[in-house]
Amino acid sequence: MPSIKQNKEKKKQDFFDKVFLIVEKIPYGKVTTYGAIAEVCGIKSSARTVGWALNGAKDSNLPCHRVVNRYGALSGKIHFGDPNLMEDLLRSEGVEFNEDGCVNLKKHLWVPEKIFD
DNA sequence: TGGATGACCTACA
DNA sequence: CTGTAGGCCATCC
């Protein structure tokens, strides 16, 4: 029986590709959230999967340091190798932090466009 | 095929 | 506020 399994391979590549494109579009001095990316990717209910995608993105040239959680906390800083690297990069871009070490989403939150509309 | 993992989010006590 | 629980989707073994 004929099977078209190659379509499956393409799908996962598509998902990663979406996340890569969005993160790559994050402007200077701005940050976005996993939920926002997930929504644009079409998996709004699974911000978790977005983080997983970034897990592979950290090996890429993507500014993963501009991706934070809902509260603006640097939840993924540990995966940068140096926990201080993420904060230092954002501060270097003019991003402000709160006492809790969270990004001031009020001023630096950036929502990606639905490029897949 | 299915359990385990993951840089999350929301809700409830 | 903290802890617990469920969900959600993709990947690995």
Side-chain angles (χ1 to χ4, degrees):
Chain A
M1 56 221 208
S3 57
I4 312 172
K5 56 180 64 175
Q6 66 182 23
N7 188 12
K8 194 172 187 182
E9 292 280 326
K10 196 164 189 180
K11 187 168 187 181
K12 78 171 186 181
Q13 198 68 24
D14 184 50
F15 171 74
F16 270 71
D17 192 24
K18 287 179 180 177
V19 178
F20 290 125
L21 288 174
I22 295 169
V23 176
E24 190 174 344
K25 288 174 179 289
I26 300 177
Y28 181 92
K30 292 285 182 178
V31 295
T32 188
T33 66
Y34 297 96
I37 298 174
E39 183 176 357
V40 178
C41 287
I43 53 173
K44 155 180 173 254
S45 306
S46 295
R48 222 176 200 169
T49 314
V50 177
W52 206 98
L54 290 180
N55 193 5
K58 69 181 174 60
D59 290 330
S60 302
N61 297 332
L62 303 177
C64 358
H65 58 270
R66 294 183 187 148
V67 184
V68 297
N69 67 356
R70 241 332 176 201
Y71 304 97
L74 312 183
S75 41
K77 66 181 182 185
I78 306 171
H79 293 271
F80 278 75
D82 293 325
N84 296 336
L85 179 61
M86 191 172 184
E87 182 179 331
D88 189 45
L89 286 171
L90 292 174
R91 284 177 180 267
S92 183
E93 295 185 358
V95 178
E96 298 179 0
F97 284 81
N98 298 332
E99 295 178 353
D100 296 334
C102 299
V103 178
N104 191 339
L105 299 178
K106 194 84 175 186
K107 301 174 69 172
H108 304 290
L109 178 60
W110 174 82
V111 181
E113 299 179 7
K114 296 181 180 177
I115 58 181
F116 307 110
D117 179 63

Interatomic distance where CD1 belongs to Ile43(A) and C1' belongs to dG6(B) [whole Å]: 13 Å

Rounding to a whole Å, what distance do you find between Asn55(A):CG and dC9(C):P? 20 Å

Does the base of dC8(C) carry an N or O that pairs as donor and acceptor with the side chain of Ser45(A) under 3.5 Å? no

Base, sugar-phosphate, or nothing for Lys58(A), non-hydrogen atoms under 4.0 angstrom? base

CD1/Ile43(A) to CD1/Ile37(A) distance, rounded to the nearest 0.5 angstrom? 9.5 Å

Would Leu74(A) end up clustered with Leu109(A) when hydrophobic side chains under 4.5 Å apart are linked, directly or stepwise? yes

Sugar-phosphate, base or nothing in reach of Asn69(A), heavy atoms under 4.0 Å: sugar-phosphate

By nearest nucleotide on DNA chain B, pick out whichever of Tyr71(A) and Lys77(A) is the more 5' one. Lys77(A)

Check every atom of dC9(B), dA7(B), dG6(B) against the side chain of Leu54(A) and return the nucleotide holding the closest atom. dA7(B)

How long is the span from the CG atom in Asp100(A) to the OH atom in Tyr71(A), to the nearest 0.5 Å? 12.0 Å

Ignoring backbone atoms, test whether Ser75(A) places a side-chain nitrogen or oxygen under 4.0 Å from the OP1 or OP2 oxygen of dC8(B). yes

Can you list, by residue number, the residues of residues 93-106 of chain A that have a non-hydrogen atom closer than 4.0 angstrom to DNA chain B? none

Are Val67(A) and Met86(A) grouped together when hydrophobic residues (ILVMFWY) are joined by side-chain heavy atoms under 4.5 angstrom apart? no

Whether His65(A) side chain and Leu90(A) backbone form a donor-acceptor pair below 3.5 Å: no

Nearest-angstrom distance from the residue atom CH2 of Trp52(A) to C1' of dC12(C): 7 Å

Nearest whole angstrom, please: distance from the C1' of dT5(B) to the CZ of Arg48(A). 8 Å

Is it true that a side-chain atom of Thr32(A) and a backbone atom of Trp110(A) form a donor plus acceptor pair closer than 3.5 Å? yes

Expressed in angstrom and rounded to an integer, what is the separation of Glu39(A) atom CD from dC9(B) atom P? 13 Å

Is it true that a side-chain atom of Asn69(A) and a backbone atom of Gly72(A) form a donor plus acceptor pair closer than 3.5 Å? yes

